[in-house]
Amino acid sequence: MPDHGHSQHEIEARIESATGHGVLRDTVYGAIDGAVTTFAIVAGVAGAGLSPFVIVALGLANVLADGFSMAAGNYSGTKAEKDNMLRLRAVEERHIATNPEGERRELRHILSLKGLSGDVLEQATDEIARHHDNWIELMLEGEYGLSNTMPHPMRGALATFGAFLVAGMIPLLPFLFGVQNAFVVSSGMTLAVFFAIGALKSKWSLEPWWRSGIETFLIGGLAAGIAYFVGSLFYV
């Protein structure tokens, strides 16, 4: 990934348009869980020796129901995080209005932990305290460890559901199209998806693509193996 530029224009554009962590985590989480849970159902039902129709029915039910459940859970959790940030912002606004000197002491201490001291510390405290919104943003970061960017519950939920739906359909495709040796083909396709997800997410990490791919491949393969083993215990 190329480094970003450091001209004044590039710095202002990049920093002022920051939107938080984005949907990378939601997409990777949804895709892995979609592939794992759907293939777990396919492996379990196939291990039990049931018909392809049952596999497709249960797999589709999982993709839609579990995908929606994950999206709803993501939405609720992210919204709770956002609501908590709004609550803490209101707390800080009230404290600044009712006890400004106490809040200034907190502000001064936060700035001192960032390495400021002496006259520079006092000047920075005075200057930030003159800008109400900046004061609150710094208090949220320094006192509660919160980012100054609000999370987006609906965007995260849609990313989770979309990734779950796409990845979760992969194990079902051989059964939907009546491919011979559908379970073997489904296994190969799903394991390839696991590896692809891992390799893709390495773009945002320091790990080599092959190591990240193998890691996700092993996690998904283990889950599938467990499901198949349990299903085989009920083979008719």
Side-chain angles (χ1 to χ4, degrees), residues 1-34 65-165 201 203-206:
M1 183 179 295
D3 288 338
H4 52 250
H6 289 87
S7 69
Q8 188 62 32
H9 172 72
E10 289 171 316
I11 291 171
E12 292 175 359
R14 184 174 65 255
I15 294 177
E16 293 175 9
S17 64
T19 57
H21 61 72
V23 296
L24 174 62
R25 178 186 61 186
D26 305 309
T27 302
V28 171
Y29 179 46
I32 291 177
D33 197 69
D66 199 19
F68 180 81
S69 176
M70 278 192 64
N74 191 351
Y75 175 86
S76 298
T78 308
K79 187 174 185 300
E81 180 184 355
K82 180 178 180 179
D83 290 344
N84 185 51
M85 291 178 66
L86 293 173
R87 178 186 67 84
L88 293 174
R89 178 181 289 273
V91 168
E92 289 303 312
E93 289 179 344
R94 185 174 70 252
H95 287 177
I96 289 174
T98 58
N99 189 5
E101 285 307 311
E103 289 297 307
R104 282 176 64 88
R105 284 193 293 272
E106 290 182 358
L107 174 60
R108 184 183 298 108
H109 182 66
I110 291 171
L111 292 174
S112 72
L113 294 177
K114 294 181 180 294
L116 302 184
S117 61
D119 291 340
V120 174
L121 174 60
E122 297 304 324
Q123 292 170 8
T125 300
D126 292 340
E127 188 62 29
I128 292 176
R130 290 192 187 99
H131 300 84
H132 184 264
D133 289 341
N134 292 340
W135 189 357
I136 291 176
E137 297 293 350
L138 191 59
M139 295 302 297
L140 290 175
E141 177 193 345
E143 190 171 359
Y144 303 104
L146 298 176
S147 168
N148 60 0
T149 54
M150 285 288 179
H152 299 276
M154 184 55 70
R155 187 170 66 183
L158 291 175
T160 299
F161 183 73
F164 190 102
L165 189 65
K201 72 182 178 70
K203 181 180 179 181
W204 293 273
S205 76
L206 297 177

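Using a 4.5 Å heavy-atom threshold, the side chains of Val91 and Glu143 count as separate. With a 4.5 Å cut-off on side-chain heavy atoms, Arg89 and Glu137 count as touching. Counting heavy atoms from C-beta on, the side chains of Asp66 and Asp33 come closer than 4.5 Å.
Here the side chain of Ser112 pairs a donor or acceptor atom with the backbone of His109 at under 3.5 angstrom.
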Under the side chain to side chain contact (heavy atoms under 4.5 Å, CB included) criterion, do His131 and Trp135 qualify, and how do the steps go?
CA-CA 6 Å; His131 300 84; Trp135 189 357; over 6 Å; no

Residue pair Arg130, Glu127: steps toward the salt bridge (charged side-chain N to carboxylate O under 4.0 Å, His left out) verdict:
CA-CA 5 Å; Arg130 290 192 187 99; Glu127 188 62 29; 2.8 Å; yes

Given side chain to side chain contact (heavy atoms under 4.5 Å, CB included), test Arg108 with Glu122 step by step and report yes or no.
CA-CA 7 Å; Arg108 184 183 298 108; Glu122 297 304 324; 3.3 Å; yes

Glu103/Leu107 under side chain to side chain contact (heavy atoms under 4.5 Å, CB included): CA gap, chis, key distance, verdict
CA-CA 6 Å; Glu103 289 297 307; Leu107 174 60; over 6 Å; no

Evaluate side chain to side chain contact (heavy atoms under 4.5 Å, CB included) for His95 paired with Glu106, printing each intermediate quantity in order.
CA-CA 11 Å; His95 287 177; Glu106 290 182 358; 5.8 Å; no

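Distance CG/Leu111 to CG/Leu121: 6.0 Å, rounded to 0.5 Å. For the atom pair Ile136 CD1 and Ile96 CD1, the distance stands at 4.5 Å (nearest 0.5 Å). In this structure, NZ on Lys114 lies 6.0 Å from CG on Leu138, to the nearest 0.5 angstrom. For the atom pair Leu86 CG and Glu81 CD, the distance stands at 11.0 Å (nearest 0.5 Å). Taking CD1 of Ile128 as the start and CE of Met139 as the end, the distance is 10.5 Å to the nearest 0.5 Å. We find the CG-CZ distance between Asn74 and Phe164 to be 12.5 Å, quoted to the nearest 0.5 Å.
Shown here for Thr27 and Ala159, the closest heavy-atom pair between the two residues is OG1-CB, 3.8 Å. When all heavy atoms are compared, the tightest approach of Thr149 to Met85 is O-CE, 3.7 Å. Closest heavy-atom contact between Arg104 and Thr125: O-CG2, 4.0 Å. Across every non-hydrogen atom of Thr78 and Pro151, the tightest pair is CG2-CB, 3.5 Å. Residues Ala71 and Phe161 share a closest heavy-atom pair of CB-CB, 3.8 Å. Taking each heavy atom of Met154 and Tyr75 in turn, the nearest pair found is N-CD1, 3.7 Å.
Between Arg87 and Asp83 there is no salt bridge, since none of the side-chain N atoms of the basic residue sits less than 4.0 Å from a carboxylate O of the acidic one.
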